[in-house]
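Have a look at the structure below, then the notes.
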There are 2 protein chains.
Amino acid sequence: MYSFTEENYLKTIFYLSIGTQEGVSTNALADSTNTRAASVSDMLKRLAEKGLINYQKYRGVTLTEEGERLALLVIRKHRLWEVFLAEKLQFGWDEVHVIAEELEHIRSERLIEKLDAFLGYPKFDPHGDPIPNAAGEMPRFIYRKLSEIVEGTTVVMTGVSEHSPAFLQHLDKAGLTLGCQLKVNEISDFDKSVSVLIDNVRTLFVSHEVAKNLLVK
Amino acid sequence: MYSFTEENYLKTIFYLSIGTQEGVSTNALADSTNTRAASVSDMLKRLAEKGLINYQKYRGVTLTEEGERLALLVIRKHRLWEVFLAEKLQFGWDEVHVIAEELEHIRSERLIEKLDAFLGYPKFDPHGDPIPNAAGEMPRFIYRKLSEIVEGTTVVMTGVSEHSPAFLQHLDKAGLTLGCQLKVNEISDFDKSVSVLIDNVRTLFVSHEVAKNLLVK
DNA sequence: TAATTTTTTTAGATTAGTCTAAATTTTTTA
DNA sequence: TAAAAAATTTAGACTAATCTAAAAAAATTA
Ligand SMILES: [Mn+2]
Ligand SMILES: [Mn+2]
Ligand SMILES: [Mn+2]
Ligand SMILES: [Mn+2]
């Protein structure tokens with residue numbers, strides 16, 4: 001059994017490892033976990049001891065196979081609870097993350113398997129992120145950002161790459177939800193803002209900042 | 001915000017206080033929390049400091065009003081989660097307690113109010129125990145034990161005073177569930193076992209040990 | 001490549017919660 | 001009511017997770 005803290009470190013290393021081969025740096029971990037580099041060094045020693053990370057002093061860390069499996073099981077629990085909160089308890093997609101941060105540490109395999117069944121074996125969480133399976137495996141989808149789509153193309157909104165309540169509430173106000181159809185009418189030369197036709201019914205201007213964080217397929 | 005450990009102590013003091021005016025002893029707490037008396041003494045000092053218990057050295061403890069309110073809020077969460085696990089996830093009433101021991105510490109008022117609504121504002125948990133309200137108030141019902149019912153009387157099973165999986169599984173095997181009607185046919189002079197007519201259809205012999213732990217009205 | 005800056009690790013403390021062993025207080029017994 | 005037993009508290013240590021300050025290593029810059 002691993003502590004909440006250890007599980008959080010594994011999860012953080014997993015997220016910081018995405019899209020890079022290099023090890024995650026001590027400072028990056030200190031930033032993400034709101035601790036100091038010294039505390040991170042201590043924890044890395046312990047996680048290495050337990051065979052969950054590959055760690056050489058001053059060299060950064062990567063997860064071992066077992067470490068990644070554990071990280072993905074925590075992420076599985078996090079995302080399943082988010083689905084529960086959003087679909088069954090009617091929480092907004094901007095509210096579910098903080099609560100799931102606590103629920104993800106509840107230790108009962110049977111609980112999570114039954115929850116999965118109760119939810120109808122969802123494949124994605126409320127933000128469009130894929131849910132790992134019970135073996136700790138997660139399909140990797142490669143989506144493009146709305147900001148990279150050329151004029152005239154029609155795409156579907158499949159996810160977000162920014163999960164802050166402020167951003168998600170902004171999308172709510174704009175009426176941008178997962179699954180909506182987006183036709184890129186025009187991209188402004190001036191500020192790269194995007195004019196999009198939503199679900200063939202209304203036109204919306206999306207700032208480049210927002211477009212960068214909308215994942216589409 | 002109080003720690004898991006502090007919440008567990010409050011809950012334990014609450015349960016050990018039931019049916020007595022006297023303070024709860026250090027040893028009783030050590031037994032119930034699987035710690036040593038010395039550890040309990042330490043914790044009692046801290047809880048007293050925070051105004052959650054009335055504590056004088058060597059005299060045992062009682063909860064203050066605030067301490068009792070907090071204990072009842074933890075119990076509220078525990079019992080609501082038990083209802084969720086039993087009714088929505090199809091866990092047996094013998095399985096829900098251990099999982100609820102973890103879930104009861106999730107800190108989100110909105111979560112528990114939404115869970116309450118989702119469950120249809122249940123009044124009792126799967127073992128027949130009443131669920132405190134959001135203000136930390138709990139109705140007190142006084143039920144009798146089946147072992148105290150005189151021959152010829154008909155009663156309804158409303159709860160259990162023993163919550164071990166072994167006992168609950170035993171009741172499952174015997175087909176004794178909350179709400180069933182029990183007519184006391186005969187009480188044995190020899191071993192105090194009770195012959196009961198269940199829901200007017202079948203007769204069952206219930207040992208005194210079991211009868212003592214069945215609450216009826 | 002030598003000096004400077006940045007990053008990381010070590011050293012030494014702190015806090016919550018726990019322990020064992022010893023001291024103290026209360027309760028029971030004779 | 002004094003001695004013995006039981007219950008409780010104190011003393012002193014330990015572990016996990018954190019911190020600040022100092023030392024050491026790596027990376028950058030001149
Ligand atoms: Mn999340
Ligand atoms: Mn977490
Ligand atoms: Mn319970
Ligand atoms: Mn608990």
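Letters go in sequence order (proteins before strands), and every chain restarts at 1.
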Choosing from D:dA7, D:dT10, C:dT9, which nucleotide comes nearest the side chain of A:Tyr55? C:dT9

Expressed in angstrom and rounded to an integer, what is the separation of B:Leu44 atom CG from D:dT9 atom C1'? 11 Å

Mapping A:Arg36 and B:Ala38 onto DNA chain D by nearest heavy atom, which one lands closer to the 5' end? B:Ala38

Would you mind reading off the distance between A:Glu6 atom CD and D:dT18 atom P, rounded to a whole angstrom? 10 Å

Take the angle between the ring planes of A:Phe84 and A:Trp81 and call it parallel below 30°, perpendicular above 60°, tilted in between. perpendicular

Has A:Lys57 got a side-chain N or O lying under 4.0 Å from the OP1 or OP2 atom of C:dT7? no

Rounded to whole Å, NE2 of A:His105 lies from P of D:dA17 at a distance of 12 Å

B:Ser25 side-chain proximity, nearest of D:dT8, C:dG17, C:dT26: D:dT8

C:dT9, C:dC19, C:dG17: which one has an atom nearest the side-chain heavy atoms of B:Ser39? C:dC19

Carboxylate-amine/guanidinium contact B:Glu7 B:Arg107, below 4.0 Å: yes

N or O in side chain of A:Thr5 less than 4.0 angstrom from D:dA16 OP1/OP2: no

Any B:Asn27 side-chain nitrogen or oxygen under 4.0 Å from OP1 or OP2 of D:dA6: no

Can you tell me the distance, in whole Å, between the CZ atom of B:Arg46 and the P atom of D:dT10? 13 Å

Whichever of A:Tyr58 and A:Tyr9 has the more 5' nearest nucleotide on DNA chain D, that residue is A:Tyr9

B:Arg69/B:Glu137 salt bridge by N-O under 4.0 Å criterion: no

Any donor and acceptor pair, going by atom type alone, linking the side chain of A:Thr153 with main-chain N or O of A:Val150 inside 3.5 Å? yes

Atom CG of A:Asp42 and atom P of C:dG12 are separated, to the nearest Å, by 14 Å

Measure CE/B:Met43 against C1'/D:dT9 and give the value in whole Å, please. 16 Å

Using a 4.0 Å heavy-atom cut-off across all strands, classify B:Phe4 as base, sugar-phosphate, or nothing. nothing

Looking only at the side chain of A:Ser41 (C-beta and beyond, no hydrogens), which of the listed nucleotides D:dA17, D:dT10, C:dT10 gets closest? C:dT10

With a 3.5 Å cut-off and no angle check, do the side chains of B:His105 and B:Asn8 form a donor-acceptor pair? yes

Name the residue from A:Asp125, A:Asp116, A:Asp129 that meets the salt bridge (Lys or Arg N to Asp or Glu O under 4.0 Å) definition with A:Arg76. A:Asp116

Which of parallel (below 30°), tilted (30 to 60°) and perpendicular (above 60°) describes B:Trp93 and B:His127? parallel

Send over the distance from A:Glu22 CD to D:dA26 C1', rounded to a whole Å. 14 Å

Phosphate contact (C:dT10 OP1 or OP2) by A:Lys45 side-chain N/O below 4.0 Å: yes

Side-chain ion pair, B:Glu6 and B:Lys50, N-O less than 4.0 Å: yes

Please report the distance, rounded to the nearest Å, between CG in B:Asp31 and P in D:dA6. 15 Å

Ranking C:dG17, D:dC19, C:dT8 by distance to the side chain of A:Thr35, first place goes to D:dC19

In degrees rounded to 10°, what angle is found between the helical axes fit to the five outermost pairs at each end of the helix from C:dT1-D:dA30 to C:dA30-D:dT1? 0°

